[in-house]
Amino acid sequence: MTRARPARLSLRAARRLAIGAQGLAAPLPAGRLDVRHLRTAMNRMGLLQIDAVSVLARSHLLVLRARLGGSHEAALGLLERAAYPRQPERRELTEYWGHEASFVRTCDWPLYRWRMRRGSEGEMWPLYVRFERNERARIDDVIAWLASNGPATSSELDSAMGWGPGVRGPWGTRSNAKLALGWLFWSGHVGVAARVGFTRRYDLIERVLRGDVLARDIDEPDAHRALLCQAAACLGVATADDLIDYHRLPKRIARARLGELTEDGALCQTAVEGWNVPAYVPADVQIPRRRSRSVLLSPFDPLVWYRPRAERLFGFHYRIEIYTPKAKRQYGYFVLPFLHDDALVARLDLRFDRERGRLEVPAAWAEPGWWPTCIAAEDRALEALVTELRSLAAWCGGEGVSAGPRGDLADRLRMALGRAD
């Protein structure tokens, strides 16, 4: 590690800082994974965005894989034991609205009380706000039912209450219990005690979290400053917008808090080559010596989830095409960037055929200006990509990789896979 010069950073140094901060340059853990490895990963990321898309694997498990390796079942088991133990005192992670729906460290839950208070006052999704104003009695009924009966899913509550179909909104019809639980979850009155598949089981927050966590009350300015400092540590180097987006903070207020943190010396303002806005780094920042590992990243990995930053750091223009009609997709349904040698050098459309136990690559694209052009460097990149694809197939519980014809990298990838067989 070498000391950074906060006055100005090269773009290469900025990428090295960003990658190192997320733990994507550190060697993968050796041996059996345990909670200490998960704890290290969460300390580097601060939070873990939850997503339900499972054409390959749940996104949050792919994010963990990039930092922990192991297997799908090992990552899932670690996460479930950390987030849903029967005893609240053993709960290291819990669910809340961080960067979208997220796993956050239990010790950080009090840092979101400002969002809970604002939510109670009407700053949340309009559908929840309208429901609370019009159906407060139903919300009180849910609290009373949970208090008497313990954890439940929204469908179990609807059935127990004999409630009708619910309210129609932009994302379809939401049941009365789902709306009541949504309001209670946002405002901090209930938490997620367990999951059945991908269905949440809610309970009163005092039965989900430890008493010492619930007893901590942090005022809004201090919470914002703490979350901004955490974001700076997790991002390595970032603009104000990058830092604000990490925990989805109120923009105007968060900018004022950034000024305070800079004045206090907790953060240093710097310039990054090619960026037209100032950047911030932690006061004790150091530039890692290690280059990145070669790894495929989830579309919701913290390194790339804020698309303007991914473009600014890596020249990587990224758009999720899951909701784009198939005929209009440019790259594919579930496209993962390939991190190699401190750059995002390719993107691959991926899916896992569970019946055949095989990883499929319908399309593979080289990134213009970033994919290696000299023969030796390209051979190394292809070898690293093939190794990573085979590792991902094994992580999913399968064997073998099939590459399709789409994309300017497809032919070269098929040849490299053939040579490796």
Gap separating the CG atom of Leu56 from the OG atom of Ser298, nearest 0.5 angstrom: 9.0 Å
Any side-chain donor near an acceptor of the partner, Arg67 and Thr40, under 3.5 Å: no
Trp365 side chain near Asp349 side chain, heavy-atom distance below 4.5 Å: no
Considering all heavy atoms, the nearest Val272-Ala14 contact: CG1-CB, 3.8 Å
Residue pair Val192, Val208: steps toward the side-chain contact (heavy atoms from CB on, under 4.5 Å) verdict: CA-CA 7 Å; Val192 180; Val208 173; over 6 Å; no
Non-hydrogen atoms of Asp342 and Arg16 that approach each other most closely: OD2-NE, 2.6 Å
Arg207, CZ: over 12 other non-hydrogen atoms inside 6.0 angstrom: yes
Stepwise side-chain contact (heavy atoms from CB on, under 4.5 Å) check, Leu344 with Trp370: CA-CA 7 Å; Leu344 299 178; Trp370 296 94; over 6 Å; no
From Arg15 atom CZ to Leu11 atom CG, the distance as rounded to the nearest 0.5 Å: 4.5 Å
Between CZ on residue Arg412 and CG on residue Asp379, distance to nearest 0.5 Å: 11.0 Å
Over 12 non-hydrogen atoms of neighbours within 6.0 angstrom of CZ in Arg354: yes
Pair Asp301-Gln22, side-chain donor/acceptor within less than 3.5 Å: no
Salt bridge Arg248-Glu100, side-chain N to carboxylate O under 4.0 Å: yes
Arg329 (side chain) donor-acceptor with Thr324 (main chain) under 3.5 angstrom: yes
Face-on cation placement of Arg351 at Tyr333 ring, 6.0 Å and 45° thresholds: no
Nearest non-hydrogen partners of Gly182 and Tyr128, listed with the distance: CA-CZ, 3.6 Å
Arg113 and Trp109, any side-chain heavy atoms less than 4.5 Å apart: yes
Basic-acidic side-chain contact under 4.0 Å: Glu156, Arg201: yes
Parallel, tilted or perpendicular, as decided by the 30° and 60° cut-offs, for the rings of Trp305 and Tyr246: tilted
Candidates Ile143, Asn149, Val142 - the one meeting side-chain contact (heavy atoms from CB on, under 4.5 Å) with Leu146: Val142
Sub-4.5 Å side-chain heavy-atom contact between Arg195 and Ile50: yes
Cation-aromatic face contact Arg200/Phe185, 6.0 Å, 45 degrees: yes
Plane angle bin for Trp186 and Trp97 - parallel if under 30°, tilted between 30 and 60°, otherwise perpendicular: tilted
Neighbour count above 12 (heavy atom, 6.0 Å) for Glu383 CD: no
Any donor-acceptor N/O pair, Gln269 side chain to Thr262 backbone, under 3.5 Å: no
Ion pair check, Arg358 and Glu360, cut-off under 4.0 Å: no
Intermediate values then yes/no, side-chain contact (heavy atoms from CB on, under 4.5 Å), Trp114 and Leu249: CA-CA 10 Å; Trp114 64 272; Leu249 301 177; 3.5 Å; yes
Whether Asp51 side chain and Val53 backbone form a donor-acceptor pair below 3.5 Å: yes
Donor-acceptor pair between Tyr84 and Glu95 side chains, under 3.5 angstrom: yes
Residues Arg117 and Asp217 bridged, charged N to O under 4.0 Å: yes
Any Val63 side-chain heavy atom under 4.5 Å of Gln49 side chain: no
Minimum heavy-atom distance between Val213 and Thr106, given as atom pair plus value: CG1-O, 3.6 Å
Donor-acceptor pair, side chain of Arg8 and main chain of Ala271, under 3.5 angstrom: no
Step-by-step side-chain contact (heavy atoms from CB on, under 4.5 Å) determination, Arg307 to Ile320: CA-CA 10 Å; Arg307 310 309 183 200; Ile320 294 289; 3.3 Å; yes
Salt-bridge present (Arg312, Asp242; N to O < 4.0 Å): yes
Leu339 to Ile19 - nearest heavy-atom pair and separation: CD1-CD1, 4.0 Å
Student check: side-chain heavy atoms of Leu385 and Leu348 closer than 4.5 Å: yes
Side chains of His340 and Glu388, donor plus acceptor under 3.5 Å: no
pair Leu336-Pro299: side-chain heavy atoms closer than 4.5 Å: yes
Heavy-atom pair with the smallest gap, counting every atom of Gly46 and Cys234: N-SG, 3.7 Å
Distance, nearest 0.5 Å, that separates CZ of Arg347 from CG of Leu409: 12.0 Å
Salt bridge (Lys or Arg N to Asp or Glu O under 4.0 Å) pairs, two or more places apart, involving residues 394-410: none
Exercise: do His99 and Tyr306 side chains pair donor with acceptor under 3.5 Å: no
Check: Arg36 and Pro29 side chains under 4.5 Å, non-hydrogen atoms: no
Straight-line distance of Trp125 CH2 to Trp183 CH2, nearest 0.5 Å: 15.5 Å
Geometric class of the Phe316/Tyr318 ring pair [parallel <30°, tilted 30-60°, perpendicular >60°]: perpendicular
Residue Arg291 excluded, over 12 heavy atoms near CZ under 6.0 Å: no
Val285 side chain reached by Thr270 side chain, heavy atoms, under 4.5 Å: no
Basic-acidic side-chain contact under 4.0 Å: Arg255, Asp241: yes
Ile253 side, atom CD1; His224 side, atom NE2 - distance, nearest 0.5 Å: 6.0 Å
Backbone of Met124 reached by a side-chain donor or acceptor of Arg115 within 3.5 Å: no
Side-chain donor/acceptor of Ser159 to backbone N/O of Ser155, under 3.5 Å: no
